[in-house]
Novice: 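For reference, the structure I am asking about is given below.
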Amino acid sequence: MSYAAHIYKNRTGSWPESVEELAAEYDPDMAIDPFTGEYFGYELTDDGPRIYSRGENGRDDGGIHSPKWGDRSEEGESDDYVFWPPQE
């Protein structure tokens, strides 16, 4: 998804407005989060897109990256995994 978003920006000069726009432009299957079976989370910010998985709990935690992703998160902690932009 992040690669496709960058190709889109390079070709058009702007970021895709939504994950639906990106999925329609390329392969819709690439936009599917394997944990939820729905589209990955996508938010267009002033700095570019934020692309994330909702993780095992399937809950959208607003694209807040979980530093413990892959481990069990505590109740109330984000389980999202941000693919773009890169996280520390």
Side-chain angles (χ1 to χ4, degrees):
M1 285 259 314
S2 60
Y3 185 67
H6 282 82
I7 291 171
Y8 183 98
K9 181 170 190 309
N10 189 47
R11 187 174 52 76
T12 67
S14 61
W15 295 107
E17 291 291 323
S18 67
V19 69
E20 291 85 4
E21 183 178 6
L22 192 58
E25 185 75 19
Y26 299 101
D27 180 3
D29 290 339
M30 70 152 184
I32 301 297
D33 183 338
F35 289 108
T36 65
E38 299 173 2
Y39 282 142
F40 280 102
Y42 183 94
E43 177 186 4
L44 190 55
T45 71
D46 291 341
D47 296 323
R50 177 175 307 166
I51 302 169
Y52 59 96
S53 169
R54 291 175 181 88
E56 289 187 50
N57 70 11
R59 184 180 65 228
D60 188 341
D61 294 311
I64 298 169
H65 183 71
S66 172
K68 295 193 260 179
W69 198 75
D71 295 332
R72 293 274 177 202
S73 58
E74 299 296 322
E75 185 63 35
E77 289 182 329
S78 175
D79 189 41
D80 291 356
Y81 184 84
V82 177
F83 292 101
W84 190 266
Q87 304 294 298
E88 292 186 31

Novice: To the nearest 0.5 Å, what is the distance between CG on Asp80 and OH on Tyr52?
Specialist: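 So the CG of Asp80 and the OH of Tyr52 are separated by 6.0 Å.
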Novice: Would a 4.5 Å heavy-atom cut-off, applied to side chains only, mark Met1 and Phe83 as touching?
Specialist: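 No, their side chains stay 4.5 Å or more apart.
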Novice: Return the minimal non-hydrogen interatomic distance between Gly48 and Trp15, and the atom names on each side.
Specialist: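 Looks like CA-NE1, 3.5 Å.
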Novice: Applying the 4.5 Å side-chain criterion to the ILVMFWY set and letting contacts propagate, would Val82 and Leu44 be lumped into a single cluster?
Specialist: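 No.
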Novice: If you define the side chain from C-beta out and look only at heavy atoms, does anything of His65 sit under 4.5 Å from Tyr81?
Specialist: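 Yes; the side chains approach each other to less than 4.5 Å.
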Novice: Output the distance between atom CG (Leu22) and atom NZ (Lys9), rounded to the nearest 0.5 Å.
Specialist: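 These two atoms lie 14.0 Å from each other.
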Novice: On a heavy-atom basis, which atom in Asp61 and which in Asp79 lie closest, and how many Å separate them?
Specialist: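 Reported closest heavy-atom pair: OD2-N, 2.9 Å.
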Novice: When rounded to the nearest 0.5 angstrom, what is the spacing between CD in Glu21 and OG1 in Thr12?
Specialist: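 Between atom CD of Glu21 and atom OG1 of Thr12 there are 7.5 Å.
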Novice: Which residues satisfy the side-chain contact (heavy atoms from CB on, under 4.5 Å) test with Ile7, sequence neighbours excluded?
Specialist: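 So Ile7 forms a side-chain contact (heavy atoms from CB on, under 4.5 Å) with Tyr3, Tyr26.
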Novice: Show which side-chain atoms of residues 33-42 pair as donor or acceptor with protein atoms under 3.5 Å away, not counting sequence neighbours.
Specialist:
residue	atom	partner	partner atom	Å
Asp33	OD1	Phe35	N	2.9
Asp33	OD1	Ser53	OG	3.1
Asp33	OD2	Ser53	OG	3.0
Asp33	OD2	Arg54	N	2.8
Thr36	OG1	Glu38	N	3.1
Tyr42	OH	Pro16	O	2.6

Novice: Please name the pair of heavy atoms, one in Arg50 and one in Pro85, separated by the smallest distance, quoted to 0.1 Å.
Specialist: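 Shortest heavy-atom contact: CA-CD, 4.1 Å.
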